[in-house]
*Asks:* 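Let me give you the structure first, and then I'll get to my questions.
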Amino acid sequence: MPFSDSYDRPIEYLRISVTDRCNLRCRYCMPEEGIPLIEHDTVLRYEEIVRIARVAVSMGLIHVRLTGGEPLVRRDIVELVKQLAALPGLEDLSMTTNGMLLEHYADPLAQAGLQRINLSLDTLRPERFHHITRLGNLEQVLRGREAALKAGLRPVKVNTVVVRGMNDDEIVDLARLTLLPDWHVRFIEVMPLGTGEHWSEDDVVTVAEVRARIEAELGSLNAVHGETGIGPARYYQLPGAIGTLGFISPVSEHFCYACNRLRLTADGKLLPCLMSNRFIDLRTPLRAGASDAELETIFQKAILAKPRGHHLAEHQLPEHLLPMSAVGG
Ligand code: SAM
Ligand code: SF4
């Protein structure tokens, strides 16, 4: 049985950021020069991450996603996947990646026990992709996607952050991909968490607008029953489509009532909520020799510190939020 928070939400999902480093500089996430990096010796070692995950899984956090920064830039990431996949009770092990190194890693990751991938992809135009990510190569990412599918890392869900004037003219083209086999696309409202250049309310294309633009061109969407996933997306299909369309609306509509997650940063902070500046330090007690029972108590504290919800829709955002690349989205 998962441990529930103060609002009766069962907490069963842990997102682990394995590094704050990244090989891209997406404009809505990071400035061109990057962000000040976490000091090397405060980054959790693999045996520390595995120990924390073991405790988490024993408490019912049976879904684990690796993220970053870019998880594939951390050395020996396949070894971490292997050790996590071997944890008794872990039901689901996935990764969110920008895909730049996926062609090389897809097979070893699948063999190590990774189950599926979310791939961040905001455009289908090579030059625009390079512009948005500053360092990325679309062809390389698409080859990575193919490699992931071949390796059995399914489904590959594409995450598209929509920013007005950046890529909103491709909403329909991206949605149309789901008429093809193996394409699942989720549209995400841009959040004010980047340290990058995009954030004003005008930049946000609400999920309602994205949906209306798709339906105007491609027909009414049908809700997909039973495809709720473990996250906040709501899923639909175009008439005749094989793949699904997901909508994630952190800004315009609350989904906090269904929040089921905790986040662990690369330097061992447990975050009760993405939109809150509260965190609970797990690294210090861990390195001071805390027992599993003591670590469990810290997890419980983090779970009970989860707020009822955030107030983005009312344009309220706490100060000193950790950047997206440190928290992992
Ligand atoms: N580097 C990996 C990647 O890009 O997939 C994993 C980390 S990244 C921080 C995780 C997700 O957060 C990505 O899908 C990215 O598009 C999304 N993201 C980053 N900044 C965002 C923002 N300001 N608003 C909404 N989503 C954002
Ligand atoms: Fe890197 Fe992911 Fe942020 Fe892009 S969104 S800069 S790939 S961490």
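Atoms within each ligand, like the ligands themselves, are counted from 1 in listed order.
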*Asks:* Could you check if a side-chain atom of Gln300 sits within less than 4.5 angstrom of a side-chain atom of Met59, using non-hydrogen atoms only?
*Replies:*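 With C-beta onward as the side chain, the pair touches.
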*Asks:* Are any of the side-chain heavy atoms of Leu177 and Val158 separated by less than 4.5 Å?
*Replies:*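 No - every pair of side-chain heavy atoms lies 4.5 Å or more apart.
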*Asks:* Are Glu217 and Arg213 close enough for a salt bridge, meaning some N to O gap below 4.0 Å?
*Replies:*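 Looking at Arg213 together with Glu217, the answer is no, because their closest N to O distance does not fall below 4.0 Å.
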*Asks:* For the 3.5 Å polar cut-off, considering only N or O atoms, please tell me whether Tyr28 and ligand 1 meet it.
*Replies:*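 Min N/O separation from ligand 1 is below 3.5 Å for Tyr28.
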*Asks:* Taking atom 6 (C) of ligand 1 as the point of reference, which of Gly69, Gly136, Cys29 owns the nearest heavy atom?
*Replies:*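 The option holding the nearest heavy atom is Gly69.
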*Asks:* Suppose I only count heavy atoms of Glu189 and a 4.0 Å limit; which atoms of ligand 1 are within that range?
*Replies:*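 Going through ligand 1 atom by atom, the ones under 4.0 Å from Glu189 are 25 (C).
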*Asks:* Select the closest option to atom 19 (C) of ligand 1 among Arg21, Met191, Met324, judged by heavy-atom distance.
*Replies:*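 Residue with the shortest heavy-atom distance to the ligand atom: Met324.
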*Asks:* Out of all atoms in ligand 1, which are within 4.0 Å of some heavy atom of Asn98? Include the element for each.
*Replies:* 2 (C), 3 (C), 5 (O)
*Asks:* For Glu39, look at atom CD and say whether over 12 heavy atoms of other residues, nucleotides or ligands are found less than 6.0 Å away.
*Replies:* no
*Asks:* Does CZ belonging to Arg287 count more than 12 external heavy atoms closer than 6.0 Å?
*Replies:*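 Correct, the count exceeds 12.
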*Asks:* Less than 4.5 Å apart, any side-chain heavy atom of Cys256 and any of Arg9?
*Replies:* yes
*Asks:* Can you list the atoms of ligand 1 that are under 4.0 Å from a heavy atom of Asn159?
*Replies:*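 Within the 4.0 Å cut-off of Asn159, ligand 1 contributes 14 (O).
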*Asks:* Residue by residue, ordered by chain and number, which ones reach under 4.0 Å of ligand 2 with a heavy atom?
*Replies:*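 Within 4.0 Å of ligand 2, protein side: Cys22, Leu24, Arg25, Cys26, Cys29, Gly69, Asn98.
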*Asks:* Under 4.0 Å, heavy-atom basis, I'd like to know which part of Thr67 is in contact with ligand 1: side chain, backbone, both or neither.
*Replies:*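 Just the side chain.
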*Asks:* Check each atom of ligand 1 against the heavy atoms of Val190 and keep those under 4.0 Å away; list them by number with element.
*Replies:* 23 (N), 24 (N), 25 (C)
*Asks:* Sequence neighbours left out, what passes salt bridge (charged side-chain N to carboxylate O under 4.0 Å, His left out) with Lys269? Give chain and number order.
*Replies:* Asp267
*Asks:* Do any N/O atoms on Thr97 end up under 3.5 angstrom from N/O atoms on ligand 1?
*Replies:*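 Right, the criterion is met.
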*Asks:* Using a side-chain heavy atom cutoff under 4.5 Å and only I, L, V, M, F, W and Y, what cluster partners does Val43 have?
*Replies:*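 Ile38, which link up through side-chain heavy atoms under 4.5 Å apart, make up the rest of the cluster.
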*Asks:* Going by the rule ring pair (Phe, Tyr, Trp, His ring centres under 6.0 Å), which residues pair with Phe247 if we only count those two or more places apart in sequence or in a different chain?
*Replies:* Tyr236
*Asks:* Taking the basic N atoms (NZ, or NE/NH1/NH2) and the acidic carboxylate oxygens, is any pair closer than 4.0 Å for Asp292 and Arg51?
*Replies:*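 Salt bridge between Asp292 and Arg51, a charged N being under 4.0 Å from a carboxylate O: yes.
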*Asks:* Considering distance alone, does some N or O of Asn118 sit under 3.5 Å from an N or O of ligand 1?
*Replies:* no
*Asks:* Give a yes or no on whether Arg154 atom CZ has more than 12 heavy-atom contacts from other residues, nucleotides or ligands under 6.0 Å away.
*Replies:*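 Counting other residues, nucleotides and ligands, CZ of Arg154 exceeds 12 neighbours.
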